[in-house]
There are 2 protein chains.
Amino acid sequence: MPANRDSAPGAAPDTAPRHSIAVVSRRTGLNQLLLRAWERRYGVVAPGRTDTGRRLYSDLDIERLLLLRRLTAADHRIGDVATGTLDDLRALVAELPPAAAGAARPFPPAGTTPGAKTAAALLDEALVAVAALQPGALESVLERATMHLSRPTLRQELIQPLLQRVGELWRDGSLRIAHEHMASTIVQTFLATANANQVPATGSPLLVVASPSRNRHELGALLAASLGLDLGWEVLYLGADMPAEEIALAVDIRGARAVFLSLIYPPGDAVVAAQIELLRRLVGPQVGILAGGGSAPSYATTLADIDARLAMAPDDFAGALNELLS
Amino acid sequence: MPANRDSAPGAAPDTAPRHSIAVVSRRTGLNQLLLRAWERRYGVVAPGRTDTGRRLYSDLDIERLLLLRRLTAADHRIGDVATGTLDDLRALVAELPPAAAGAARPFPPAGTTPGAKTAAALLDEALVAVAALQPGALESVLERATMHLSRPTLRQELIQPLLQRVGELWRDGSLRIAHEHMASTIVQTFLATANANQVPATGSPLLVVASPSRNRHELGALLAASLGLDLGWEVLYLGADMPAEEIALAVDIRGARAVFLSLIYPPGDAVVAAQIELLRRLVGPQVGILAGGGSAPSYATTLADIDARLAMAPDDFAGALNELLS
DNA sequence: AGAGTTTTGTATAGATGTTGTCCAGTTGAA
DNA sequence: TTCAACTGGACAACATCTATACAAAACTCT
């Protein structure tokens with residue numbers, strides 16, 4: 001942060017009151033009621049006021065509130081930490097256990113969201129958004145889904161069925177390529193963002209996710225990455241079109257414990273099979289190799305030869321990863 | 001000073017009053033009633049007048065209005081931000097939440113970050129993260145960059161040089177495919193997420209972004225989408241591998257005003273040229289067609305034939321989009 | 001362990017403040 | 001004429017304010 005230029009002409013930007021309560025609520029994830037309650041009860045911040053009495057928060061107020069949100073999410077009591085100085089709060093946050101550091105409370109309880117949605121209802125909404133070529137609407141469905149569904153439910157009852165239905169509708173002519181591309185792009189970005197936001201604890205074992213062949217979409221691999229994160233692994237995502245040498249290099253540089261290969265296309269190809277065998281030779285016997293994706297079964301014998309594990313369902317995948325740690 | 005903003009190329013000063021309220025309304029997506037109300041109530045802008053009292057807005061007025069539109073879309077209240085200087089507004093916009101709502105973010109503003117603020121310093125950090133195959137570190141650099149750099153600077157002085165440097169280092173053997181893929185994946189997700197979070201006002205004109213050929217990466221197209229959003233357009237992003245019929249379908253369904261074609265590979269291909277011509281026939285003469293990307297110049301004659309505009313630099317692109325609305 | 005107390009997040013009601021849109025009437029431009 | 005733009009007043013929808021209330025969770029103390 002910039003050094004304080006005290007006594008210099010011109011207002012200090014960090015303390016200038018300029019954010020309305022709506023902005024602060026959005027940026028901190030704290031609901032407006034709670035912002036007012038904390039201020040009234042503990043004097044957590046002292047925002048300025050407009051002429052007509054509306055609150056105006058400064059950047060420093062926002063930082064303070066963000067720190068408090070993290071502390072309360074980590075089971076500190078608001079009454080205990082409310083009056084600390086900014087430095088006190090930063091120090092407390094710094095000594096938080098890393099597990100709690102990334103996973104704060106689910107973000108926006110802010111707006112009054114209408115009643116709980118089922119995965120099936122959300123799926124319908126998503127399909128409508130795809131048919132109308134409205135990427136924003138699709139994003140909004142996915143975003144809402146994260147509030148109502150657990151991560152496994154989200155994967156298994158919304159994202160996978162959605163992609164499957166879009167694929168079916170495309171093949172039978174009800175949807176066009178444009179629809180399919182739009183849906184894939186949005187879902188892919190959504191998954192990648194969700195994965196990036198899930199920070200694993202330090203010291204987590206590392207899983208490399210890649211595909212040896214050239215796939216149009218990388219969604220299966222991203223779903224595997226998401227699952228790996230849920231199981232407590234750190235994930236290095238390399239994507240499609242990765243030669244075995246490159247995968248092995250990444251395993252080596254980062255000291256990975258396992259590799260997941262997404263095998264979508266083509267099925268039963270000799271070049272791909274050779275790449276799989278080469279990968280095993282390059283990484284040595286210590287590293288676990290898992291494989292999944294539509295055409296993984298067609299490589300079953302190759303995979304068995306190199307002591308790789310076929311993981312077609314989430315449970316297989318979880319089981320295989322857990323075995324590697326025991 | 002950088003001073004290299006994405007403004008229109010014309011030598012005329014930005015302050016010359018020359019746009020009617022109708023043009024400004026189309027270009028900003030703000031309805032005329034609202035433009036007048038903001039001016040009357042808050043003095044948001046002070047456009048010149050013709051002899052008979054019609055408003056004439058300058059380019060700077062338009063920029064100011066676009067910034068205000070983004071801020072109000074992000075829950076800022078017009079009354080709070082109306083009187084800020086242009087720089088204040090730019091600073092506020094740069095602060096807008098960069099990550100997707102719906103998930104807790106890694107914590108940005110704590111004092112832990114030393115003052116790496118310039119684009120060059122951030123670029124160095126980013127290259128280190130890429131070389132170490134640390135996607136999380138690269139994400140964190142990009143996220144911090146959104147706080148310190150304006151969007152055009154971010155595009156032109158961080159993201160584009162980063163991709164270029166990675167490409168160079170890959171070709172000369174210093175980096176491997178794995179590095180290049182990792183960097184592309186992260187940057188792509190970052191851009192797509194940033195774009196998704198920038199919500200255009202209702203009534204904004206629509207730009208379709210697509211590529212007729214099969215590109216490994218879609219980064220150029222995503223950069224174009226980002227630029228379009230900054231200029232106040234709504235963007236429908238379709239991605240690569242799009243037949244002309246599909247692009248035309250999307251234009252038709254959503255009533256788009258313009259199409260941006262990203263032409264990366266292959267250069268001078270007859271099939272691609274035919275697709276470009278077909279696109280013009282399908283969408284009719286009303287829809288603007290722009291083209292950019294590495295191999296766009298190799299299609300210059302085809303593009304000229306169908307009255308499409310070659311947009312290789314941000315300024316060309318901005319100029320072409322603005323012309324369509326005048 | 002269990003009863004009582006405190007803490008804490010959320011809810012409601014009623015009173016303003018704020019803001020996008022609309023209307024009526026007028027004037028210049030095509 | 002017909003259309004676009006101008007002004008100033010009006011208004012409904014929504015945001016935000018204060019104050020009080022309440023239930024669940026956490027804590028205290030026997």
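We use all heavy atoms of the structure for the numbers below, so side chains are in, but hydrogens, waters and symmetry mates are not.
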Quiz item: Tell me: CG of L68(B) to P of dT19(C), nearest whole Å?
Solution: 12 Å

Quiz prompt | Nucleotide dA4(D), atom C1' - distance to CG of L35(B) in whole Å | solution = 15 Å

Quiz item: Choosing from dG20(C), dC17(D), dG9(C), which nucleotide comes nearest the side chain of I78(A)?
Solution: dG9(C)

Quiz item: Taking for each residue the nucleotide of DNA chain D with the nearest heavy atom, is it D75(B) or Q32(B) whose nucleotide lies nearer the 5' end?
Solution: Q32(B)

Quiz item: Rounded to the Å, how far apart are R40(A) CZ and dT8(C) P?
Solution: 13 Å

Exercise. With DNA chain D as reference, determine whether S20(B) or V23(A) sits nearer its 5' end, using the nearest nucleotide of each.
Key: S20(B)

Quiz item: How many Å lie between CG on L56(A) and C1' on dT18(C), as a whole number?
Solution: 13 Å

Quiz prompt | Of the listed nucleotides dT12(C), dC23(C), dA29(C), the one nearest the side chain of L33(B) | solution = dC23(C)

Self-check item: R36(A) side chain reached by R41(A) side chain, heavy atoms, under 4.5 Å
Solution: no

Practice problem: Check each residue of residues 42-51 of chain A for a non-hydrogen atom within less than 4.0 Å of any atom in DNA chain C, then write out the ones that pass by number, or none. | Solution: Y42(A)

Quiz item: Which nucleotide, dG20(C), dT10(C), dA29(C), lies nearest any side-chain atom of L34(B)?
Solution: dG20(C)

Quiz item: So H19(A) and H76(B), would you call those rings parallel, tilted or perpendicular, with 30° and 60° as cut-offs?
Solution: tilted

Practice problem: May I ask you to decide if L65(A)'s main-chain N or O and R70(A)'s side chain share a donor-acceptor pair within less than 3.5 Å? | Solution: no

Quiz item: Taking the side chain of R77(B) as heavy atoms from C-beta outward, which of dT21(C), dT19(C), dT18(D) is closest to it?
Solution: dT19(C)

Quiz prompt | Nearest heavy-atom neighbours spanning S20(A) and L56(A) | solution = N-CD2, 4.4 Å

Quiz item: Any side-chain heavy atom of R18(B) sitting closer than 4.5 Å to one from D59(B)?
Solution: yes

Practice problem: Let me know the distance between CG of L71(A) and C1' of dT7(C), rounded to the nearest Å. | Solution: 17 Å

Practice problem: When you get a sec, tell me which of dA5(D), dG9(D), dT19(C) is the closest nucleotide to the side chain of R36(B)? | Solution: dA5(D)

Practice problem: Find which nucleotide of DNA chain C each of D80(A) and R54(B) is nearest to by heavy atoms, and output the residue with the more 5' nucleotide. | Solution: D80(A)

Quiz item: How would you label the contact of R55(A) with the nucleic acid (heavy atoms, under 4.0 Å): base, sugar-phosphate, or nothing?
Solution: sugar-phosphate

Practice problem: State whether a side-chain donor-acceptor pair under 3.5 Å links S58(A) with T15(A). | Solution: no

Self-check item: Atom-pair distance (CZ on R41(A); P on dA19(D)), nearest Å
Solution: 14 Å

Quiz item: So, for A258(B) and L324(B), which heavy atoms are closest and what is the spacing to 0.1 Å?
Solution: CB-CD1, 3.6 Å

